[in-house]
Amino acid sequence: MSKELISMLSSRLVAVISFFLALTLVKGFEGTIGVNYGTVANNLPPPAQVAHFLLESTVINRVRLFDANPEILRAFAHTGVAVTISVPNDQIPDLTQLNFAQQWVEDYIQPHTPATNIVRILVGNEVISTANKLLIVSLVTAMETLQTALVAASLDRRIQVSTPHSLGILSNSSPPSTGKFRQGYDTHVIKPLLSFLRDSNSPFMVNPYPFFDCSPDTLDYALFQPNAGVFDENTQLFYTNMLDAQLDAVFSAMKLLGFDDLEIVIAETGWPSMGDATQFGVDAKSAAEYNGNLMRHVTSGVGTPLMPNRTFETYIFALFNEDLKPGPTCERYFGLFRPDMTPVYDIGILRPTVAAAANIQHATCLLIITVGFLIIKNHGENLIL
């Protein structure tokens, strides 16, 4: 066999292996990586177009909504995409009444299921951090009442009930082994909430954002880049990234209350691609590093120092840049995609193209021919080209 042919076939073989590795990586993201689909903008594509784009062009098969928009729920019908919907904070007191909860299920769930794969309902968002006493004291009762309404509609085995928390629920988080829920809330709100989650087989959901907690000195630590790390003297465990430390602080707080068996889901996390001039680490490169490394880390099965050998269901914030969000500039640039559905940066979320699929088929044929040549050659037979 000529050296030129061997060289050509070898390059094809490398292409085949590389492509299969890429496909394996993409496949690994599926099922555990979701996205927060926010709509605080005036330039977003129609929901039906968004649903088609996610299904056909990306590996994302989970979405979290911040409401229960019927148009969006209809758009995801028959896609198989796992949809999480939300009850707004201001409806939590009403949801403590069974009649209201049953009507809510009748209005927002039953018209769409099972065509739309609704898998979870979130009762409010970061309720404890609002410091609104009425919302806080109503939270667990509202969740229990909603669960009762789902049971009555025979939907409780299909749909979970939970609520996401900011890390403001912790009174201490450093080192991670000393994580503890805020006094008062720990026994009166969080412990009953954790008990409900255990009884209903639902996850504890948190919104960790290394972006908001890092400094110029800890930027690499937040971005999963090489850094000096943090050593927890209590556990003798070493932390190489901030997200692990945040998750383990939550785990430690849960363990203190006797609920270290519950699953933890990352309901929100992300990094902006643009911000104000006074902010550091706010650019497309940093956003790509964080979200790309995040995806690889939470799907790797490595886990965290206190929670080894596990993956984490994770929802990146956010699907789109949202131009009407209030606050500093960065709040409007957390999106993975622009409103025209072009990526802000590449982190491997887009599916391999049809052209790439054709290339792999061609390369596979060449690989088979190569193996055939080598078998014949190893048996001492003559090859006539």
Side-chain angles (χ1 to χ4, degrees), residues 17-36 58-64 80-82 84 119-120 160 162 164 167 173 175-177 179 197-198 201-211 220-227 229-232 235-255 259-271 287-317 336 346-352:
I17 294 172
S18 299
F19 196 85
F20 272 121
L21 287 173
L23 287 179
T24 301
L25 182 61
V26 168
K27 185 178 180 181
F29 290 157
E30 289 191 272
T32 52
I33 296 295
V35 68
N36 286 269
T58 79
V59 299
I60 296 169
N61 61 8
R62 292 177 179 269
V63 297
R64 174 196 172 192
V81 173
T84 294
V119 298
R120 194 175 291 140
Q160 297 176 327
S162 190
L167 296 192
S173 60
S177 60
L197 295 176
R198 175 185 281 166
N201 195 30
S202 298
F204 189 69
M205 304 185 71
V206 292
N207 299 340
Y209 276 95
F211 169 72
D220 287 338
Y221 183 56
L223 292 174
F224 302 88
Q225 295 297 318
N227 64 89
V230 173
F231 183 69
D232 188 331
T235 58
Q236 299 293 296
L237 294 173
F238 188 73
Y239 287 83
T240 60
N241 68 83
M242 188 179 293
L243 182 71
D244 278 358
Q246 292 177 332
L247 292 176
D248 275 359
V250 172
F251 174 80
S252 295
M254 294 168 65
K255 185 176 182 179
F259 291 89
D260 55 330
D261 56 312
L262 290 184
E263 179 189 2
I264 296 176
V265 167
I266 300 173
E268 279 184 46
T269 191
W271 200 282
E289 286 179 350
Y290 178 76
N291 285 323
N293 290 330
L294 166 78
M295 290 170 61
R296 285 182 283 275
H297 184 60
V298 299
T299 61
S300 68
V302 172
T304 71
L306 286 179
M307 295 180 285
N309 307 316
R310 69 167 73 181
T311 60
F312 294 92
E313 181 182 335
T314 299
Y315 293 80
I316 297 175
F317 187 87
L336 297 173
D346 179 22
I347 54 172
I349 278 181
L350 290 175
R351 289 187 180 278

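Remember, predicted model here, so these are calculated numbers, not experimental data.
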For the backbone of [Y] and the side chain of [X], can you confirm whether one donor and one acceptor N or O come within less than 3.5 Å of each other?
X: S252; Y: P176; result: yes
X: D232; Y: P305; result: no
X: N61; Y: V81; result: no
X: T235; Y: S177; result: no
X: R62; Y: A82; result: no
X: N227; Y: T240; result: yes

Determine whether [X] and [Y] make a side-chain contact, defined as any pair of heavy atoms from C-beta on separated by less than 4.5 Å.
X: S173; Y: Q246; value: no
X: E263; Y: F204; value: no
X: Y290; Y: T269; value: yes
X: V265; Y: P164; value: no
X: L294; Y: L243; value: yes

Quick check for you: to the nearest 0.5 Å, what is the distance between [X] atom [atom1] and [Y] atom [atom2]?
X: I349; Y: I33; atom1: CD1; atom2: CD1; answer: 7.5 Å
X: I316; Y: W271; atom1: CD1; atom2: CH2; answer: 13.5 Å
X: M242; Y: L247; atom1: CE; atom2: CG; answer: 12.0 Å
X: M307; Y: K255; atom1: CE; atom2: NZ; answer: 11.5 Å
X: Y315; Y: T32; atom1: OH; atom2: OG1; answer: 10.0 Å
X: L336; Y: I60; atom1: CG; atom2: CD1; answer: 6.0 Å

Which heavy atom in S202 sits nearest to a heavy atom in L262, and how many Å separate them? O-CD2, 4.3 Å

Taking only Lys NZ, Arg NE, NH1 and NH2, and the carboxylate oxygens of Asp or Glu, determine whether E313 and R64 approach each other closer than 4.0 Å. no

Of I264, L167, T314, which is the lone residue that meets side chain to side chain contact (heavy atoms under 4.5 Å, CB included) with P208? L167

What pairs with E289 under side chain to side chain contact (heavy atoms under 4.5 Å, CB included), at least two apart in sequence or on another chain? L223, Q225, K285, N293

Test side chain to side chain contact (heavy atoms under 4.5 Å, CB included) on M254 and V250 and set out the steps. CA-CA 6 Å; M254 294 168 65; V250 172; 3.8 Å; yes

Should we count CG of N201 as having more than 12 external heavy atoms under 6.0 Å? no

Could you check whether Y209 and E268, counting side-chain N and O atoms only, form a donor-acceptor pair closer than 3.5 Å? yes

With sequence neighbours left out, what residues match R310 under salt bridge (Lys or Arg N to Asp or Glu O under 4.0 Å)? none

Is there a side chain to side chain contact (heavy atoms under 4.5 Å, CB included) between L306 and L237 once you walk through the steps? CA-CA 8 Å; L306 286 179; L237 294 173; 3.6 Å; yes

Which word best sums up how the rings of H297 and F224 line up, parallel for under 30°, tilted for 30 to 60°, or perpendicular for over 60°? tilted

Please determine which of N309, D244, D248 meets the side chain to side chain donor-acceptor pair (under 3.5 Å) test together with T304. D248

